[in-house]
Structures are given as C-alpha cells and as structure tokens.
Amino acid sequence: MRASDHQYELANPPHFIQLHKGAVDENALAQLAADDNRVTAYQIVEMIDIDGGDIEISSPDTTFNLSGSVLDNGFVFNHPQYDSLLNNSNQYIEMETGQIGLPLIYKESYDIELGDELRIQKGDFTMNFIVTEFIRDAQMNSTMCSSTRFLVSRADFEKMDGCIGENEAEIEYFFDDPGYATTFLTNYENSGLPGNGQAITYRIMKLLSSFSYYMIALIIGLISVGVILISLVCIRYSIRSSMEDERRQIGTLRAIGLSIDDILSVYLKKYRMIAGIGSLLGLFLALIGGNVFFRQSADLLGKAEMTILEAIGIPLLGAVVVYVTIVISARRILKKDMTLSILELLMRTNSETKRNKRFLIITSAAAVILTVIPLNLYLAVSDSSFSTYMGAASADLTIRLATDDDFISKNDRVFEALQSIIEIESYNSFIEYKGQVLKEDQSLSGIQVSVGDFEKTGLSYLSGQSPNKDGEIALSLLNAELLSKRTGDQLVISLNGEPVVLRVSGVYQDVTNGGYTAKMAVNPGFDQVIASDYLVTLKDQDNSKIENVIQQLEEKTDSGTKIMSTEEYISKTMSSLVNSLKLASATIWITTLLLVGLLTMLYVKYRILREKDGIAVKKAIGFSAKAVIREYQFRMMGIICGAVLIATVFSNLLGDKVVSLLLRLSNIGIVDISFTGFNLLTWGLLPVSILLISFLVVAVMLAEIKRFKIVEMNSF
Amino acid sequence: MQRIIEVNQVTKSYQNEREAVLKDVNLTVEAGEFVVVMGPSGSGKSSLLYAISGMDQVSSGQILFNGLDITKATDEEMSHLRLVKMGFVFQHAYLLKNKNICENIMLPGIRLKNRTKEVIIKETNELMKSMGIEGIGDHTVSAVSGGQLQRAAICRALINRPQIIFGDEPTGALNKRASTEVMEILCRLNKQGITLFLVTHDAALAAKADRIIFLSDGRIQSEFRQKRWQCDSAERTDRLNGWLQNQGF
Ligand SMILES: Nc1ncnc2c1ncn2[C@@H]1O[C@H](COP(=O)(O)OP(=O)(O)OP(=O)(O)O)[C@@H](O)[C@H]1O
Ligand SMILES: [Mg+2]
C-alpha cells in the first residue's frame with residue numbers, strides 16, 4: 001500500500017470529481033465550495049477529449065493510431081497544487097510547447113518510447129508533439145478507469161481548444177476528510193449543479209488504481225508466510241540434526257564431571273552465537289533484498305520513502321523471530337537431552353526417520369501450495385468469466401449513451417441501428433436513472449439505478465440474485481456497504497418525496513461506472529435519466545465480425561455513443577492486473593523450483609552424509625550401490641509424491657477459499673473469487689514440474705552413494 | 001583342493017599417498033583354509049583385506065575369486081558375490097542403528113530373495129541360538145553388550161551360508177572372555193568348512209590358524225604354516241610367538 005498511498009499524497013488527487021460536457025457555471029460551483037465548511041478547495045480541470053483514431057504515434061520503426069484503445073483520451077495542462085500529473089520520478093512537471101507527456105499505461109501497452117512523435121489530426125487541424133515524459137496520474141493510473149490523461153503545455157492546450165475534440169470539465173472538490181465524498185455527492189446532485197458525466201469519488205479512484213497492487217501484495221504476503229514457514233522448518237531440522245551429533249560429546253562432558261547447568265550454558269552460548277550471526281546475516285540480506293524489491297514496486301506504483309520503522313523494523317522483526325526460534329529450539333532439545341542418563345547420551349541412536357519425512361513433506365507441499373494459489377489467481381483473473389465478478393455483463397458488445405441535449409433522438413438512432421444490422425442476434429437495453437435513497441437517519445443519498453432485464457446478463461452475485469420482480473433491487477458491494485444493507489434487507493427510496501420500500505434481492509461486485517451502482521427489473525418511477533446502456537449479442541462471435549459490427553454501429557449512430565467490444569474492454573481494463581499477476585506467478589514458479597531444488601539437494605546431501613556408515617555397512621554385506629540408491633529413491637520420492645499430490649488437490653480445491661478470505665480482509669471490493677476448476681497448468685504441469693525437479697535432484701545427489709567406499713566406515 | 005582366492009602382483013596406493021601401501025603382493029587361499037594376516041600397525045593389513053574382498057580398488061594386479069577377476073567386476077556383480085559368497089566381521093559390529101538385532105541379521109537373507117521370510121526367520125533363530133544370543137532378537141543395537149553385538153554380526157555374516165568369512169580384528173574391541181567366545185565360534189565355523197581370512201593382533205587367535213602371513217611395509221615378508229593336528233594350543237601359541245619375534249614384531 002505504501003507506494004500507492006504516497007503517490008496519492010504528492011499528486012493531491014481530488015476527493016470528488018464530477019465530469020461534465022458543456023457549459024459550466026463557475027460561480028455556482030465556487031458558491032457550493034464556500035458554503036460547505038468541509039470543502040477545503042475546489043478547481044475545474046479542463047480537458048479536451050480526442051478520439052483515439054485521431055491520435056497517431058510514430059516511432060522510427062512504425063506508425064499507429066490509438067483507435068484500438070478503449071480509454072478516453074483527455075488532453076490537459078498541469079495544475080501545480082491539486083490533481084497534479086507527475087513525471088516518472090514523481091515530480092511535478094510542465095510541458096514546453098510541442099512536448100507531450102503520455103500516460104504510463106500506454107508505454108506498457110503500446111511500446112512507446114521517449115522521443116517518439118505524436119500527431120493529432122482531424123480534418124484540416126494538425127498538431128505535432130514529441131513524447132518527452134511518461135506521466136503518472138494518481139487519478140487515472142489504472143487501466144480500469146475508463147479514461148486517461150495526456151499532458152501538454154498551456155499554450156498548446158489553448159491552440160487545441162475549440163478546434164478539435166470535445167471539451168469536458170472535471171469539476172473537482174477537496175475535503176478535510178476524503179470519506180466525506182459520498183455525502184457531498186448527494187449534496188451536489190441535489191443542488192442542481194452541472195453533471196452530465198460520471199461522478200467519481202476518491203474511494204473508487206483509489207480502489208481502482210490500487211487494485212493490482214493489492215492483488216500482488218496479497219500474493220507476496222502469501223509467499224512470505226510460506227518462505228518463513230519453510231525456513232523455520234529448515235532451521236529446526238538442522239538444529240536438531242546438529243544437536244544429535246553433539247549428543248555423544250555431551251555424554252562425554254558429563255562423564256568427565258561437568259554438571260547439567262555447565263553444559264547447558266556452554267551449548268546455549270554456542271547456539272546463541274550461531275543464531276545471532278545467522279539473524280544478522282539474514283537482516284543484512286533482507287535490507288539489501290527488500291530495497292531491491294521495493295524499487296521494483298516503486299517503479300510501478302510511484303515511489304515513496306520508506307519510513308525508518310518499515311525499512312529496518314520489519315526485517316529486524318524477522319531477524320528476532322529467527323533468533324528466538326533457534327534459541328528456543330536448541331534449549332528445548334538440550335533440556336530434553338539432559339533428562340537422559342550419561343549412558344544413554346553416549347549410546348543413544350538417532351532414529352530420525354519421522355523428522356526426515358516431515359522436512360520433505362513440508363517443503364514439497366509448501367512449494368506446491370505457494371505456486372498453485374497465485375497461478376490459479378492469475379488463471380481466474382485472466383478468464384473471461386472473471387469480468388462477471390467485476391460487474392461487467394457477458395455480452396459481445398456494450399453501447400452506452402450518456403444524456404445530453406439530443407439524448408432522445410440519439411437514443412432512437414441507436415435503436416434503429418441495432419435493428420438494422422443483421423449480424424446482431426439480440427440485444428438488451430437498460431436505462432440508468434438517478435434516484436434517491438432515504439437513509440435510516442432520514443437523510444437522502446443519491447443512487448444510480450440501472451433498470452432492465454438482468455436475468456440473462458450473467459453477472460455473478462456475491463449473495464442473492466438479480467432483481468426480477470417489481471420492488472426488488474440489487475446493490476453493488478460498495479453501495480451495500482455504504483447503505484449497510486444485505487440481501488433480504490429493505491431499502492427505502494424517495495420518489496417525489498414519498499418513501500417507497502424495496503427489497504434487496506442480491507449484492508454483486510462492481511468496479512464499473514464508479515462502483516456505486518444498483519439494478520432493478522422494473523422502474524419504480526424514476527424520471528431522471530443518466531444514460532442508456534445496451535448489451536448486444538452477435539450471431540457469430542469471431543473478432544472480425546465484432547469489428548465489422550462496431551464499424552457499422554459507429555456509422556449509424558451519433559457522436560457521444562460509446563461502443564465497445566466486451567472482450568476487448570475486459571482484456572484492456574484487466575491487462576495491467578493480468579500482466580502483473582502473470583509476471584508474479586511466473587516469478588514465483590521459477591523461484592519455487594529453484595528453492596525446491598536447493599532444499600532437496602541440501603536435504604539429500606545431508607541425509608546420506610549422516611547415514612554414510614549405514615550405507616557402507618549395507619554395501620559391505622552385499623547391497624549394490626544401485627540397490628541402496630533405489631531404496632532411498634523409493635522412500636524419498638514416495639514421500640514427495642504423496643505430499644505433492646495432497647497439496648495439489650488441497651490448494652486447487654481450497655485455494656480460492658483462502659484467497660477469498662484474504663481478499664475479504666484486504667477490503668478491495670472483490671470479496672469472492674473462484675478458481676476456474678480443472679486446468680492442466682495447476683493440476684498437471686505445476687506439480688509435475690516440482691516432482692521432476694525433486695526427482696532430478698534426488699537422483700543426482702544420490703549418485704554420490706556410488707562413490708562411497710565401504711572402507712570409509714572405519715572412520716567412526 | 002579348490003582355490004578360492006588368488007592374488008597376483010597386487011599393488012595399491014591411496015590417492016594422496018606417494019608410497020604404495022601394498023607392493024607386489026602374491027597370495028593364494030584354498031577352500032577350507034584358516035589364514036591370518038599379522039603385522040605392525042600401518043603395514044597394510046586392512047588394505048589387503050579390503051582389496052581381496054573387493055571392497056576397495058587396487059592400483060594394479062589381479063585378484064581372482066573362484067577364478068573370477070574381481071578387479072574387473074562391476075559393482076552389481078561384486079555386491080552379489082559379497083551377498084552370496086562372502087561374510088564380513090569387523091572390529092566393531094556395524095549393525096544398522098534403526099533396526100533391531102534380528103532385523104539386522106536377516107537383512108542379507110532378505111536382500112538375496114531366494115527363500116521366504118519365514119525360512120529366514122527360522123534360520124536366524126537357529127543361528128542366534130548356536131551363537132548363544134537367543135532372546136536378544138528384538139533388542140535395539142544400543143541395548144546389548146559388545147560381545148553380543150559381535151556375535152550378532154557373525155550371525156549376519158553367516159545368514160547366506162558364505163564360502164568365506166573375512167574379518168578385520170574381529171576380537172579387537174572385545175574383552176578377554178567375549179574374545180575367547182568369538183574365537184571359538186570362528187574356529188567352529190572353520191571346522192564346518194567355511195574358509196577364514198582374518199586380520200588380527202591377537203596371537204591366541206592367530207595360533208589357531210593354518211597359515212599366518214606376516215605383512216610389513218606393504219609386502220608379504222614371510223609365512224608361517226602349521227598342521228592342525230600338530231601339538232596343543234599352548235605350544236602352538238609359543239611357537240607362533242617365537243616366530244613373530246624373529247620377524248621383529
Ligand atoms: N583411506 C585412506 N586414504 C589414505 N591412506 C590410507 C587410507 N587408509 C589407510 N591409509 C594408509 O595406508 C597405510 C596402511 O593402512 P592399513 O589400514 O591397511 O594398515 P593396517 O595394517 O590395517 O593398520 P592397523 O593395524 O593399525 O589397523 C597406512 O599408512 C594408512 O595411513
Ligand atoms: Mg587395520
């Protein structure tokens with residue numbers, strides 16, 4: 001959370017934004033700010049929205065335009081105090097004439113480099129820019145937001161103003177507490193101030209921009225727990241083993257007359273020292289490694305200074321845990337040894353088969369669990385059905401038309417177009433209204449309600465189901481939280497001053513349209529339309545067909561009609577999340593394989609070293625090296641196979657429960673996730689890769705037995 | 001008589017050592033013979049024993065076991081020979097610590113897979129009885145005396161009815177009484193027809209042998225032979241001691 005939070009502080013993003021196209025009454029807006037003592041500042045950011053098709057980018061090798069992007073492209077100049085755009089090193093910047101700063105997201109998805117040229121052209125109007133910066137935008141830095149901002153100089157902005165694109169105002173308010181935004185939203189709506197576009201609150205903005213960050217943080221948390229677990233097991237294992245080697249020596253010391261206390265103090269001192277050196281070394285590595293890791297995440301999310309506490313405190317805590325574990329384990333084993341008689345100490349055999357098993361079981365099972373869960377998370381998120389968890393419906397195309405002066409005629413044109421295109425199989429239409437909820441404390445709060453037949457939209461509900469009767473309403477999770485309603489509860493809305501009681505039929509996750517949404521099957525009497533939406537299903541779903549239909553629709557409808565391929569929309573909006581999850585799972589996979597290889601290697605090496613004498617004896621009485629090796633192989637691999645098998649089944653079947661629980665705890669607006677079911681990757685490839693690595697390592701390490709000379713057993 | 005072992009011009013040096021520990025050793029052992037190797041510490045006795053029994057490689061020369069050149073045998077072949085034809089008794093018993101006495105003794109029998117487990121158990125019990133250690137079968141290795149351990153090790157060496165038993169100081173770690181018992185067992189085995197090839201410092205044990213080979217500085221210096229029926233054991237020991245003194249031992 002650190003890096004993302006910090007970027008928020010520097011950039012000072014607004015706590016409330018109302019988008020509006022058309023004339024703005026600045027005085028009224030200022031008045032609202034002045035009247036509300038919780039408003040600390042307000043500003044209007046003017047933005048020129050330019051169609052992606054009119055923006056052309058040329059690098060030395062290629063030239064392309066941004067028509068493929070589903071994001072709205074808004075051109076702005078920078079504001080130093082609030083809602084500032086930052087450069088790559090998180091500093092406020094202003095562009096010179098002819099320079100342009102591109103959103104960081106485009107760098108990632110289009111492979112654009114500094115120095116590339118950008119040309120805006122429509123009709124006779126042309127402007128050329130050189131890309132000199134990549135811009136961090138706290139407000140819109142996630143592709144999950146539907147728009148993105150380009151930074152130009154004020155002079156260039158004025159040159160464009162009125163000549164190209166469509167002007168849009170971002171009306172921005174700042175409060176003493178960002179949480180005030182939802183209350184303010186209602187006030188704003190009630191005041192009749194301009195607002196034909198989306199209203200966005202700080203909470204959603206932050207939620208969207210930190211979405212992938214949270215997911216990654218979740219995975220990293222999971223991994224850390226796993227790695228700590230593995231290292232604790234390793235530590236305990238090696239302490240026990242080395243302590244057992246000391247047993248005979250302890251027996252000797254007692255035999256020559258040292259007291260139990262003498263011996264305890266001598267050995268504890270020794271283990272304290274080992275633990276101290278180990279922890280310090282670990283601390284040192286963690287400080288270096290942590291710094292590297294932190295740089296990486298800072299690069300993606302905006303850099304923040306680590307506090308001294310975080311920079312040193314957390315690794316220090318880890319070091320203390322390691323130290324304490326070592327000392328406590330050593331003390332416990334020593335104490336237990338001290339209850340043995342001297343004779344037993346001298347003679348006692350170490351039967352450590354059980355512990356041996358535990359070490360292998362835990363390492364290989366943990367390895368599987370640690371990789372299966374992130375991989376499944378990645379698969380779940382990249383699966384097309386995941387969008388239904390995010391509030392997007394399963395349709396081929398979506399059309400959205402926001403209200404403006406010609407709404408009725410524009411909407412009719414959409415209808416006609418839908419009817420006239422033969423490739424279209426069917427479509428559903430929805431009207432989005434602005435309504436008011438009467439809260440428990442009798443205050444009113446605005447709510448956007450989409451009305452239509454939601455039965456077939458395929459949306460996944462966290463609880464309950466879609467509304468299908470008059471008087472039923474489904475709420476997005478954020479709305480349900482805001483209004484503290486659950487499925488089955490009653491919700492009172494206000495219609496023309498009269499209270500109307502609705503029943504909450506279900507709760508769904510939604511990160512679209514600001515997240516605060518609601519759905520109804522029948523309009524209870526709302527009359528303030530915000531937009532109309534269409535979900536379109538095609539007869540044939542191949543990509544070229546979809547492209548073709550989009551083109552036809554664009555020709556037949558007016559400007560302001562937003563037409564999107566759902567799949568493309570999803571792949572675009574989810575791309576940063578999917579890519580980071582992909583990278584994370586791949587990294588984890590490789591790291592785990594290395595770790596498993598390393599641990600198995602150490603384990604086998606140590607094990608055969610300890611059992612060298614027994615091996616030599618066996619060879620002496622007629623076991624061939626091969627036979628001894630095979631015996632070990634069977635035993636170790638049997639254990640590994642069993643552990644991997646059980647861990648695979650467990651983590652595949654129950655992993656989503658764990659992830660859901662963690663998501664719930666992290667409170668990012670998605671509280672439920674289910675893995676995609678059987679897939680070759682997590683059920684087959686992954687466990688097999690871990691098995692292969694272990695088998696390979698076991699086989700290679702056991703080959704050492706061939707070189708053991710029987711004669712060497714004389715050495716003890 | 002059948003020749004079990006034939007050693008021709010064997011030389012051995014350890015990797016990091018300049019001087020060879022065995023130099024041009026020639027030696028034969030006939031079936032049923034009782035051969036003892038003696039010599040000063042570090043003279044190469046153990047090295048010779050391990051080389052002959054195929055537990056260690058030699059640098060040059062040839063070792064024939066029942067006519068088969070074991071310097072050229074694979075690990076698999078050599079293991080099988082050890083399993084079926086050879087038994088070993090060392091200074092320490094070297095029983096596996098995670099198995100009880102009975103399981104230790106049965107181990108080579110089970111490995112051989114030529115008879116059922118019931119048969120092996122029966123044989124084990126008979127062997128333990130004949131060695132006077134019946135009743136300790138389910139004890140752990142750390143819960144029995146050194147003499148009992150050594151007798152258990154002999155049982156293990158015998159479980160597959162070997163042709164020859166190799167021993168490296170088999171009585172070396174035992175007290176007088178235990179040592180005498182083990183000695184008697186070994187002599188009894190030899191009378192039953194098992195060939196013995198032992199390394200020992202114990203003149204009392206050596207006095208029972210047909211042939212004593214004196215090794216010094218990696219070479220066979222001389223040999224002392226005596227017939228079984230010649231004189232009683234006290235006299236044999238005296239004569240052997242006299243001969244050993246002549247060797248400068
Ligand atoms: N594994 C080895 N690596 C190198 N040198 C060795 C090794 N084993 C024995 N030697 C050396 O080879 C020589 C002969 O050793 P060997 O054990 O055969 O003597 P030994 O006659 O059995 O002595 P002892 O009576 O003390 O058991 C010694 O000088 C010894 O140091
Ligand atoms: Mg020796």
Side-chain angles (χ1 to χ4, degrees), chain A residues 241 244-245 247-248 250-251 337 340-357 607-632 634-636 702-716, chain B residues 12 14-15 46-47 49-51 53-57 73-100 104-113 140-146 149 153 155-160 162 166 168-169:
Chain A
S241 308
E244 260 164 23
D245 293 339
R247 235 187 219 145
R248 194 177 284 180
I250 292 174
D337 275 1
L340 300 174
S341 72
I342 296 178
L343 189 70
E344 278 173 313
L345 281 173
L346 286 171
M347 301 291 293
R348 194 172 168 107
T349 60
N350 7 326
S351 71
E352 49 172 42
T353 338
K354 219 195 212 153
R355 192 162 53 255
N356 278 335
K357 257 190 217 154
R607 175 99 188 259
I608 55 178
L609 210 69
R610 283 184 68 86
E611 294 180 12
K612 203 173 183 177
D613 299 335
I615 294 169
V617 171
K618 276 191 178 159
K619 286 176 93 174
I621 60 176
F623 282 67
S624 61
K626 242 193 215 152
V628 176
I629 289 174
R630 214 175 302 131
E631 201 179 315
Y632 272 105
F634 269 124
R635 230 182 300 149
M636 291 179 177
L702 283 178
E704 177 77 9
I705 288 178
K706 281 194 199 136
R707 264 175 280 137
F708 275 13
K709 292 231 178 82
I710 302 166
V711 216
E712 286 173 7
M713 74 179 155
N714 266 348
S715 59
F716 76 103
Chain B
K12 167 159 186 71
Y14 285 106
Q15 250 163 26
S46 301
S47 302
L49 182 85
Y50 293 127
S53 57
M55 291 206 276
D56 205 359
Q57 259 85 47
T74 63
D75 177 58
E76 208 71 29
E77 291 164 340
M78 204 52 237
S79 299
H80 190 72
L81 269 187
R82 277 200 290 275
L83 189 64
V84 180
K85 304 273 187 203
M86 306 176 179
F88 291 91
V89 184
F90 304 96
Q91 183 170 11
H92 299 281
Y94 298 132
L95 298 186
L96 297 182
K97 290 169 181 171
N98 56 357
K99 290 185 160 43
N100 68 26
N104 262 296
I105 296 174
M106 286 159 57
L107 195 60
I110 290 179
R111 169 78 192 136
L112 187 55
K113 294 186 192 122
T140 62
V141 172
S142 52
V144 298
S145 77
L149 270 186
C155 289
R156 183 180 63 186
L158 290 172
I159 192 76
N160 285 337
F166 292 101
D168 192 356
E169 317 265 10

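Residue numbers start from 1 in every chain, and the chains themselves are labelled A, B, ... in the order their sequence lines are given, proteins ahead of strands. Because only heavy atoms are used, hydrogens play no part in the values below, and waters and symmetry mates are left out as well, while side chains stay in. It should be emphasised that the depicted structure is a prediction, and the values quoted were computed from it without experimental measurement.
- The salt bridge (charged side-chain N to carboxylate O under 4.0 Å, His left out) check on B/Lys12 picks up B/Asp56, with sequence neighbours excluded.
- Test B/Leu95, B/Leu96, B/Asn104 against A/Val617 for side-chain contact (heavy atoms from CB on, under 4.5 Å) and you get one pass: B/Leu96.
- Between A/Ser624 and B/Arg111 there is a side-chain heavy-atom pair separated by less than 4.5 Å.
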Would A/Phe623 and B/Leu107 count as a side-chain contact (heavy atoms from CB on, under 4.5 Å) here? Give the steps. CA-CA 10 Å; A/Phe623 282 67; B/Leu107 195 60; 3.7 Å; yes
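- How far NZ of A/Lys619 is from CE of B/Met55: 11.0 Å, rounded to the nearest 0.5 Å.
- Using a 4.5 Å heavy-atom cutoff, the side chains of B/Arg156 and A/Ile621 are in contact.
- Residues satisfying the side chain to side chain donor-acceptor pair (under 3.5 Å) test with B/Asn160, not counting sequence neighbours, are B/Arg115.
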